[in-house]
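Position 1 is the first residue of the sequence; numbering continues from there.
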Amino acid sequence: MISTLRPALVLFAALTVACGVAYPLAVTGVASVAFPQQASGSLLEVDGKPLGSALIGQEFTAPRYFWGRPSATAPTPYNAAGSGGSNLGPLNPAFTEAVRSRVDALRAADPANTAPIPADLVTASGSGLDPEISLAAALYQVRRVADARGLPAPHVETLVQQHAALPFLDIFGEARVNVLGLNLALDGKTPHTR
């Protein structure tokens, strides 16, 4: 029995070292050299203090900040340990009620804004961690943020445009804005990535 079990244990140990130790170390090493910012979590720091990641959304609820895409993670919004969507279909009454309450919150925060509300401001994503919103969603919020801060709306809109990431090759994806980066810029903070 030992002669039969020995090759299996040797193969198990070799594959554990190769796949569980050597391969992850190699991939991490290559990523650290080729993509140092992303490999370290794309942390945004101000004065040496990390304020968040450019890859994971944060909850902003004050009218003076841009709001991100709703998060369905539990037990708190944007919980990276519990990434996941709500799994509610478009015909589910709970989904309809959640969207309706988000629409009501946006309308209450800016009653004069009668523009159509972009879908990404009222629907949660599959991950629940989206750090970005569409350019349209950011522009929708310009007047509310400008009024709350006592700034001219064109100034805030210019800031949004400066922080917009355009589609890859102008055809893949859509223009988007990183909410944390934009809100830090509104506060006059220049984040550095680590």
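- A side-chain donor-acceptor contact under 3.5 Å links R149 to the backbone of R64.
- No side-chain donor-acceptor contact under 3.5 Å links T28 to the backbone of L25.
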| request: Determine, stepwise, if the pair Y140 / D120 fulfils side chain to side chain contact (heavy atoms under 4.5 Å, CB included). | output: CA-CA 11 Å; Y140 176 85; D120 56 329; over 6 Å; no
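- Side-chain N or O atoms of N178 include one that pairs as donor or acceptor with a backbone N or O of A54 at under 3.5 Å.
- In terms of modelled atom types and a separation under 3.5 Å, the side chain of N92 and the main chain of A94 share a donor-acceptor contact.
- Under the 4.5 Å side-chain heavy-atom criterion for Ile, Leu, Val, Met, Phe, Trp and Tyr, V160 and L166 are members of distinct hydrophobic clusters.
- Listed here is the closest heavy atom pair of Q58 and G52: NE2-CA, 3.2 Å.
- Between the OG1 atom in T73 and the CD1 atom in I56 there is a gap of 10.5 Å [rounded to 0.5 Å].
- I133 CD1 to E174 CD: the interatomic distance, rounded to the nearest 0.5 Å, is 10.5 Å.
- Judged by the 6.0 Å distance and 45° axis criteria, R144 is positioned over the aromatic ring of W67.
- With hydrogens and angles disregarded, no donor-acceptor distance shorter than 3.5 Å links the side chain of E59 to the backbone of S71.
- Hydrophobic clustering keeps L182 apart from Y78 (ILVMFWY residues linked when any side-chain heavy atoms are closer than 4.5 Å, directly or through intermediates).
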| task | Just do the side chain to side chain contact (heavy atoms under 4.5 Å, CB included) check on V122 and R100 with the steps written out, would you? | result | CA-CA 8 Å; V122 294; R100 185 175 293 121; over 6 Å; no
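- Considering NZ of K49 and CG of D47, their distance stands at 9.5 Å, rounded to 0.5 Å.
- Taking all atoms of both residues into account, the shortest heavy-atom contact from P24 to V21 is CD-O, 3.4 Å.
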| task | Go through N113 and Q141 one step at a time and tell me if the side chain to side chain contact (heavy atoms under 4.5 Å, CB included) criterion holds. | result | CA-CA 9 Å; N113 191 346; Q141 300 179 71; over 6 Å; no
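- Smallest separation of non-hydrogen atoms from P7 and S3: CD-O, 3.1 Å.
- Here the side chain of D187 pairs no donor or acceptor atom with the backbone of K189 at under 3.5 angstrom.
- Distance alone, capped at 3.5 Å, places no donor-acceptor pair between the S127 side chain and the S83 backbone.
- The CG atom of L159 lies 9.0 Å from the CG atom of L151; values are rounded to the nearest 0.5 Å.
- Closest heavy-atom contact between P70 and L121: CG-O, 3.5 Å.
- To the nearest 0.5 angstrom, L55 atom CG is 8.5 Å from E132 atom CD.
- The CD1 atom of I117 sits 12.0 Å away from the CZ atom of R102 when rounded to the nearest 0.5 Å.
- Side chain of D110 to main chain of R143: no donor-acceptor pair is present (N/O by atom type, distance under 3.5 Å, no hydrogens or angles).
- Neither V27 nor V30 shares a network with the other; the hydrophobic side chains, linked directly or stepwise wherever heavy atoms of I, L, V, M, F, W or Y lie under 4.5 Å apart, form separate groups for each.
- Minimum interatomic distance between A146 and A153 (heavy atoms only, all atoms of both residues): CB-CA, 3.7 Å.
- Residue I2 qualifies as open at atom CD1: its count of foreign heavy atoms under 6.0 Å is 12 or below.
- Between F60 and V179, the shortest heavy-atom distance links the atoms CD1-CG1, 3.9 Å.
- Formation of a donor-acceptor pair under 3.5 Å by the S134 side chain with backbone atoms of A137 is found in this model.
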| task | Kindly determine whether F66 and V177 satisfy side chain to side chain contact (heavy atoms under 4.5 Å, CB included), including the steps that lead there. | result | CA-CA 10 Å; F66 284 88; V177 179; over 6 Å; no
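- If you check the side chains of R69 and T123, you find a donor sitting under 3.5 Å from an acceptor.
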